[in-house]
Amino acid sequence: MAAVTDPRTGSTSPPYSAYAAIAGAFVGGLGIAGIAARALDRNPACQTALDFVVLSAASFKAARTLARDEVTSFLREPFVEGEAHEGGEEPLETGDLRQAIGELVTCSRCGGTWAAAALATTQILAPRFGRLLTWSLAAAGANDWLQAGFAALTSKSNELAERTG
């Protein structure tokens with residue numbers, strides 16, 4: 001899958017065939033998970049509204065961890081410009097599958113879709129492990145929000161104290 005360059009503008013077109021392959025893998029994976037759920041007599045309808053909320057928080061945390069954390073930089077490294085370190089890297093501009101994967105692993109919104117599908121599948125196919133994994137990630141996501149809120153509140157408090165002080 002080579003990059004296609006527009007001779008008039010000199011710009012490279014996005015790797016559409018790689019995007020199609022990634023989308024196909026996503027849909028195919030969900031299809032296989034659905035078949036496995038039926039074969040194992042697992043009922044996805046048993047999930048509750050609370051499961052949805054927890055899954056949302058867990059997907060947020062998993063996606064942010066993949067796209068931004070230093071601990072997952074080794075996963076991003078083959079697909080980004082320069083050295084992956086603490087998130088914010090730019091995907092390679094190779095016009096092929098490496099670029100498309102780079103765009104996926106550096107985008108927390110994109111990765112969130114995959115994380116949600118993987119976590120939901122895990123909850124259905126391996127409920128004990130899936131629940132443990134999802135609740136752990138959700139708690140870590142809630143911790144991120146609490147830490148950010150505490151930092152913002154502390155900063156604002158210090159700012160007000162300096163003004164009145």
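As a basis for the values below, the full set of heavy atoms in this structure was taken, side chains included, without hydrogen atoms, waters or symmetry mates.
- Remark: the backbone N or O of Leu153 is not paired with any side-chain donor or acceptor of Ser157 at under 3.5 angstrom.
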Per-pair distances, 0.1 Å, donor-acceptor, side chain in residues 68-81, under 3.5 Å, sequence neighbours excluded:
from	atom 1	to	atom 2	distance (Å)
Thr72	OG1	Thr65	O	2.4
Thr72	OG1	Leu66	O	3.3
Thr72	OG1	Asp69	O	3.1
Thr72	OG1	Arg76	NH1	3.0
Ser73	OG	Glu70	O	2.8
Arg76	NE	Glu89	OE1	2.8
Arg76	NH1	Leu66	O	2.7
Arg76	NH1	Asp69	O	3.1
Arg76	NH2	Asp69	O	3.1
Arg76	NH2	Glu89	OE2	3.4
Glu77	OE1	Ala84	N	2.9
Glu81	OE2	Glu93	N	3.3

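- A distance-only check finds a donor-acceptor pair linking the side chain of Arg42 to the backbone of Leu40 [under 3.5 Å].
- Between the CZ atom of Phe150 and the OG atom of Ser155 there is a distance of 11.5 Å, given to the nearest 0.5 Å.
- When the salt bridge (Lys or Arg N to Asp or Glu O under 4.0 Å) test is applied to Arg131, the partners found at least two apart in sequence or on another chain are Asp51.
- The shortest heavy-atom contact between Leu92 and Arg98 is CD1-NH2, 3.0 Å.
- The residues Asp144 and Arg64 are annotated as not salt-bridged, no charged nitrogen and carboxylate oxygen being separated by less than 4.0 angstrom.
- Residues Ala63 and Gly111 share a closest heavy-atom pair of CB-C, 3.8 Å.
- Leu137 and Phe52 fall into different hydrophobic clusters, where Ile, Leu, Val, Met, Phe, Trp and Tyr residues are linked whenever their side-chain heavy atoms come under 4.5 Å apart, directly or through other members.
- Rounding to the nearest 0.5 angstrom, the gap separating the CZ atom in Arg38 from the CG atom in Asn43 is 9.5 Å.
- Expressed to the nearest 0.5 Å, how far CG of Leu125 lies from CD1 of Ile32 amounts to 11.0 Å.
- The shortest side-chain heavy-atom distance between Ile101 and Leu97 falls under the 4.5 Å cut-off.
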Using residues 103-110 as the side-chain source, report each donor-acceptor pair under 3.5 Å to any protein atom, sequence neighbours left out, with the distance given to one decimal.
from	atom 1	to	atom 2	distance (Å)
Glu103	OE1	Tyr19	OH	2.5
Glu103	OE2	Tyr19	OH	3.3
Glu103	OE2	Gln99	NE2	2.8
Thr106	OG1	Gly102	O	2.7

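- Classification of the Phe26-Trp114 ring pair by plane angle, with boundaries at 30° and 60°, yields perpendicular.
- By the 4.5 Å heavy-atom criterion applied to side chains, Thr134 and Thr122 are not counted as neighbours.
- The two atoms that bring Ala117 and Leu30 nearest to each other are CB-CD2, 3.9 Å, heavy atoms only.
- The CH2 atom of Trp145 sits 12.0 Å away from the NZ atom of Lys61 when rounded to the nearest 0.5 Å.
- By the 4.5 Å heavy-atom criterion applied to side chains, Gln47 and Ile124 are counted as neighbours.
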